[in-house]
Number of protein chains: 2
Amino acid sequence: MAQLPSMHRPNLLDQLSPREREILPLVAQGKDNREIGSILFISEKTAKNYVTSIRKKLGLKNRTQIALFALKEGIISIEETFN
Amino acid sequence: MAQLPSMHRPNLLDQLSPREREILPLVAQGKDNREIGSILFISEKTAKNYVTSIRKKLGLKNRTQIALFALKEGIISIEETFN
DNA sequence: GCCTTCTTTGTCATATCATGTACCAGAAGA
DNA sequence: TCTTCTGGTACATGATATGACAAAGAAGGC
């Protein structure tokens, strides 16, 4: 049986702060830390900290897995990625 | 109108060598170079080189974009990723 | 068939840059 | 007080740029 994107397990996404939920789709679209920083007007270092925090909270190994997670959860659709 | 995964543009995938086509889905599943190396019994360095070559041939910036590309093209499905 | 010549492929290496890991700390606000 | 947002340092690991070389195959002429 299929899993609807909106019905998560005990809700990993709720563990993310509002700002982290802003970062997540940008990572998932294939953007690097420098790009994320300039989009949100924060430093690359801060962007990096958010990505690390997201990754740890979601229990993932790298930012590619963050992207795949976001797609699985329906946070972004494949059409809204890079090009 | 929707685009079928099997009808590519002038076929980017044909530019990839057989070995590169083996590497591509592994990248797309969120695996790092060390994992790819041990799966294919080659060194991490060699895996690294293949990923670079794939990325350049496909005109992408990083391995997250490789993953997103592979999903768009239907080379892998979201279900066959990491966990 | 045999001998070049060119190209592709697969392999590994070194060097540099990006990302990840592990913290810390101040400001602002609920 | 507690969380969130922000930026930072220091170091480890992963990713990217580039070079190199051997093996194998295609293509052609002799």
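In what follows, every chain begins at residue 1, and chains take the letters A, B, ... in the order their sequences are listed.
- A search for side chain to side chain donor-acceptor pair (under 3.5 Å) contacts involving A:Ser43 returns A:Thr46, not counting sequence neighbours.
- Between the CD1 atom of B:Ile54 and the CG atom of B:Leu16 there is a distance of 6.0 Å, given to the nearest 0.5 Å.
- Sorted by first and then second residue, the salt bridge (charged side-chain N to carboxylate O under 4.0 Å, His left out) pairs with a member in residues 22-31 of chain B read B:Arg19-B:Glu22; sequence neighbours excluded.
- Panel note: side chain A:Arg55, backbone A:Ile66; no donor-acceptor pair is recorded below 3.5 Å.
- Residue contacts for B:Ser17: at a heavy-atom cut-off of 4.0 Å it reaches the sugar-phosphate backbone alone, with no base atom in range.
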For this session: For the pair A:Tyr50 and A:Ile36, evaluate side chain to side chain contact (heavy atoms under 4.5 Å, CB included) and give the outcome as yes or no after the intermediate values.
Result: CA-CA 10 Å; A:Tyr50 282 124; A:Ile36 294 171; over 6 Å; no
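- Using modelled atom types, no side-chain atom of B:Gln29 and backbone atom of B:Leu26 make a donor-acceptor pair closer than 3.5 Å.
- In this structure, the CD1 atom of B:Ile54 is 16 Å from the C1' atom of C:dT8, given to the nearest Å.
- With sequence neighbours excluded, no residue forms a salt bridge (Lys or Arg N to Asp or Glu O under 4.0 Å) with B:Lys56.
- Going from atom CD1 of B:Ile39 over to atom CD1 of B:Ile23 covers 9.5 Å, rounded to the nearest 0.5 Å.
- Each of A:Lys45 and A:Tyr50 has a nearest nucleotide on DNA chain D; the 5'-most of these lies closest to A:Tyr50.
- If you measure from atom CZ of B:Phe41 to atom P of C:dC12, you get 13 Å, rounded to the nearest angstrom.
- Partners of B:Lys48 under the side-chain contact (heavy atoms from CB on, under 4.5 Å) rule, at least two apart in sequence or in another chain, are B:Asn33, B:Glu44.
- Rounded to whole Å, the distance from CD1 on B:Ile23 to P on C:dT9 is 14 Å.
- Protein chain B touches strand DNA chain D; the 5'-most and 3'-most nucleotides with an atom under 4.0 angstrom of its non-hydrogen atoms are D:dA15 to D:dG19.
- The side-chain contact (heavy atoms from CB on, under 4.5 Å) test applied to B:Asn62 returns B:Thr64, B:Gln65, not counting sequence neighbours.
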Exercise. Where along nucleotides 16-30 of chain C does protein come under 4.0 Å, by heavy atom, of base (B) or sugar-phosphate alone (S), with - for untouched nucleotides?
Worked result: ---BBB-B-------
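- A salt bridge (charged side-chain N to carboxylate O under 4.0 Å, His left out) check over residues 57-67 of chain A, counting only residues at least two apart or in different chains, returns the pairs A:Glu20-A:Lys57, A:Lys61-B:Glu35.
- Residue order along DNA chain C, read from the 5' end via each residue's closest nucleotide, puts B:Leu16 first among B:Ser43 and B:Leu16.
- Rounded to 10°, the helix from C:dG1-D:dC30 to C:dA30-D:dT1 has 40° between the axis fitted to its first five pairs and the one fitted to its last five.
- Rounded to whole angstrom, the span from the CD atom of B:Glu20 across to the P atom of C:dG10 amounts to 7 Å.
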